[in-house]
*Asks:* 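This is the structure I want to talk about, given as structure tokens.
Proteins come first, then strands; the chains are lettered A, B, ... in the order of their sequence lines, and each starts at number 1.
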Protein chains: 2
Amino acid sequence: MPRHRKPTLNDIARESGSSIATVSRAMSQPELLQPQTLERIREVAARLGYVPNRRARALASGNSETIGVVVPTLNSPIFSSTLQEMQRSFAANGFQLLIASHEYDPASETAALAQLISHGVDGLVVVGAQRPQSSWALLEAAQVPLIQIWEGRSEHDRITVDNYQAGYLVARYLIDIGHRKFGVICGHLLNNDRQSARVEGIRAALEKEDLRLARTQISEQPLTISAGRAGCMTLLEMLPRPTAIIGTADLLAIGAMFEAQGRGIVVPDALSIAGIDNVDVAAHLSPSLTTVDIPAANIGAEAAALMLRRVRQGDTKPGTSISLPVTLVVRHSTARPSD
Amino acid sequence: MPRHRKPTLNDIARESGSSIATVSRAMSQPELLQPQTLERIREVAARLGYVPNRRARALASGNSETIGVVVPTLNSPIFSSTLQEMQRSFAANGFQLLIASHEYDPASETAALAQLISHGVDGLVVVGAQRPQSSWALLEAAQVPLIQIWEGRSEHDRITVDNYQAGYLVARYLIDIGHRKFGVICGHLLNNDRQSARVEGIRAALEKEDLRLARTQISEQPLTISAGRAGCMTLLEMLPRPTAIIGTADLLAIGAMFEAQGRGIVVPDALSIAGIDNVDVAAHLSPSLTTVDIPAANIGAEAAALMLRRVRQGDTKPGTSISLPVTLVVRHSTARPSD
DNA sequence: CCGTCATATGTAAACGCTTTCATATTCTCG
DNA sequence: CGAGAATATGAAAGCGTTTACATATGACGG
């Protein structure tokens, strides 16, 4: 069985008796051709099983119909639903996603960006704005539409959620129902502007009531359930013991809740726990988790829509800023403090 | 600020007084050059901020250092951890991942495959073996290494887990501790060989004890927590009521457990519940979930390793089959039936 | 001191497509 | 009926690399 070389435009041209230019047009601008020519070419193309070579197309035309996305991790309920939605939108428009992750390591992110750029993506989607100058330099040099999601600087397009407000809302709510002693479990703040903003929002709400958020009231952790447990353990040793713990990501809050329950601390009677994200499982837990809804899927959809506009009409006047609303979702893991 | 065109090999050649071929070699086979020439070229390249254009490289050399992956959904704890690990391995070897998802729709999968192939990926990773003949035809025609994960036909490379065995194990365990009346909540079986295999494993274990798995004992659902609740609701109306419910994915089992608890049915005293997957949260729930551990991340790592071998040495004698072990994890959501 | 070979570099032809420009054909209308 | 416009097709020049082949240079043994 001879290993048939893949058919090219040239093969079709030869077989169909037209020129390669005509065949090319049959593929990309069929309305320019006489119906019978088009028909003849299509027939041959189908017979040969022609599949266009997008690499060549990209090289010749300058567009690759390819978008690069760099996220901290694929393995997170939040990012993956953003990605899922983004992929859906892009695919529907004939664009492919090149996805990379960096596990919160700035150097890996730089490497991933360089790779994507050298692959010739038509656009880039990145999470947040905190990255070394060298990465920004790469992005500038790439001369390619850039969209920041979750957080972002105003010089470039961004689809954000108000992380600060998310923190503020949940803290404010807990204050309103009477809490004064807080513990916060958050992700590592270095290089993570989403987490930082959430913590700052909490801090602002507290300070408005002349409450402080001390270093010891904060436990920085990886963004996992186990880490949430660990963080909870630490905070419970605080004196006076907090009456409310906020996890700046649901996974952390969920972990904290499990840990508390494991120690026989009744949630919310003896300890209120709240999160941010509103992941699927939050509504189902017992008690169900009070949290702040973050429209993760929407971020993906909006980012894709904006990117498509940017890529199609190079009408690029960047700096569009879309901020999606976050909303407090009060459930049953929070209650008035008992004391 | 003039929009500087990106520098090319040609620019470097001109600036450095060498030929374009020499510059090309400086990039890809530096050992062939005289040290001083190399030095001179590197200096110019650095000064101009040269970034190689992989599209052109791919076109000329035939390799794109790009791997296509098609999964049912990105938004699943299982697939996303496989992807995460796969991406890590590939990135470490200079390969980029083109990721597409199809939401369990065969036509979308075909479209995605066609896209990836036309993008000229060096290899393809797909989930399972169940797809229309037309998709298989595409894959054959692509002339590119193919690796199937989770399930797969023997004609092609595959990294699998024994889904059948996973189902068998959990059912066998429940039988051993005395259960006879079962309910099963599973994903849609059409076009999903992973889910089908798990159900068949359960059926086999039951039939070995002369128990049947009737149509009415099975509830097909989407793979979400809410769907698990719905499935549980249905099964609880069965007469006689099952003493054990198996979710063929942890999300389903977790949903079922929430539903049961919401109705005041104590797990495991009045109802045993078990899953398959061993997702993160399973260990932390109360009661913790009995399940079968599936090494999702490992699948990603093994798939990447095998693919790298295939792509590097075209030593392609496909048909490698690696089956990763699944292990029963007994926790506290299962117990002897009370009656 | 010449032929032979290894080494370093250059030349030019691909790779498969898009796109500009030119050419051939047909249509329109005064 | 013929000038000019509109339409359909073709020829050929890229796009930025890689790579087979050619050439130039110097080393070396006889």
*Asks:* Can you name the salt bridge (charged side-chain N to carboxylate O under 4.0 Å, His left out) partners of B:Glu140, sequence neighbours left out?
*Replies:* none
*Asks:* Considering non-hydrogen atoms only, spot the tightest contact between A:Arg55 and B:Ser64 and give its length.
*Replies:* NH1-CB, 3.1 Å
*Asks:* Applying ring pair (Phe, Tyr, Trp, His ring centres under 6.0 Å) as the test, list every pair that has at least one member in residues 42-92 of chain B; sequence neighbours left out.
*Replies:* B:Phe79-B:Trp150
*Asks:* In residues 47-66 of chain A, what residues come within less than 4.0 Å of DNA chain D, judged by heavy atoms?
*Replies:* A:Leu59, A:Ala60
*Asks:* Pick from A:Ile299, A:Val71, A:Ile159: which one makes a side chain to side chain contact (heavy atoms under 4.5 Å, CB included) with A:Thr82?
*Replies:* A:Ile299
*Asks:* Could you tell me how far apart B:Leu9 (CG) and C:dT9 (P) are, to the nearest whole angstrom?
*Replies:* 16 Å
*Asks:* At the 4.0 Å heavy-atom cut-off to chain B, mark where contacts on DNA chain D begin and end, going 5' to 3'.
*Replies:* D:dG16 to D:dA20
*Asks:* Restricting to salt bridge (charged side-chain N to carboxylate O under 4.0 Å, His left out), what partner residues turn up for B:Glu155, sequence neighbours left out?
*Replies:* B:Arg153
*Asks:* For B:Arg54, check salt bridge (charged side-chain N to carboxylate O under 4.0 Å, His left out) against everything at least two apart and list the hits.
*Replies:* B:Glu65
*Asks:* Is A:Arg310 close to A:Asp157 at the side-chain level, that is, under 4.5 Å between some pair of heavy atoms?
*Replies:* yes
*Asks:* Considering only residues two or more places apart or on different chains, which pairs with a residue in residues 117-146 of chain A satisfy ring pair (Phe, Tyr, Trp, His ring centres under 6.0 Å)?
*Replies:* A:Trp136-A:His156
*Asks:* Could you pull out the closest heavy-atom pair between A:Ala303 and A:Met86, with the gap in Å?
*Replies:* CB-SD, 4.0 Å
*Asks:* Can you check whether B:Gln34 has a side-chain N or O nearer than 4.0 Å to OP1 or OP2 of C:dT7?
*Replies:* no
*Asks:* List the atom pairs, with distances to 0.1 Å, where a side-chain N or O of residues 13-24 of chain B and a protein N or O form a donor-acceptor pair under 3.5 Å, not counting sequence neighbours.
*Replies:*
residue	atom	partner	partner atom	Å
B:Arg14	NH2	B:Asp11	OD1	2.9
B:Ser16	OG	B:Ile12	O	2.9
B:Ser16	OG	B:Ser18	OG	3.1
B:Ser18	OG	B:Arg40	NH1	3.4
B:Ser19	OG	B:Ala21	N	3.3
B:Ser19	OG	B:Thr22	N	3.3
B:Ser19	OG	B:Thr22	OG1	3.2

*Asks:* Residues two or more places apart in sequence or in another chain: which of them pass ring-ring contact (aromatic ring centres under 6.0 Å, His included) with B:His102?
*Replies:* none
*Asks:* Under 3.5 Å, side-chain donor or acceptor atoms of residues 125-132 of chain A against the rest of the protein: list the pairs with distances, not counting sequence neighbours.
*Replies:*
residue	atom	partner	partner atom	Å
A:Gln130	OE1	A:Asn191	N	3.4
A:Gln130	OE1	A:Asn192	N	3.0
A:Arg131	NE	A:Glu109	OE1	3.2
A:Arg131	NE	A:Glu109	OE2	3.2
A:Arg131	NH1	A:Gly128	O	3.1
A:Arg131	NH2	A:Glu109	OE2	2.8
A:Arg131	NH2	A:Val127	O	3.2
A:Arg131	NH2	A:Gly128	O	3.3

*Asks:* With the threshold set at under 4.0 Å for non-hydrogen atoms, list the residues of residues 23-32 of chain A touching DNA chain D in residue-number order.
*Replies:* A:Arg25, A:Leu32
*Asks:* Please determine whether a side-chain nitrogen of the Lys or Arg among A:Arg88 and A:Glu85 lies less than 4.0 Å from a carboxylate oxygen of the Asp or Glu.
*Replies:* yes
*Asks:* With the threshold set at under 4.0 Å for non-hydrogen atoms, list the residues of residues 11-22 of chain B touching DNA chain C in residue-number order.
*Replies:* B:Gly17, B:Ser18, B:Ser19, B:Ala21, B:Thr22
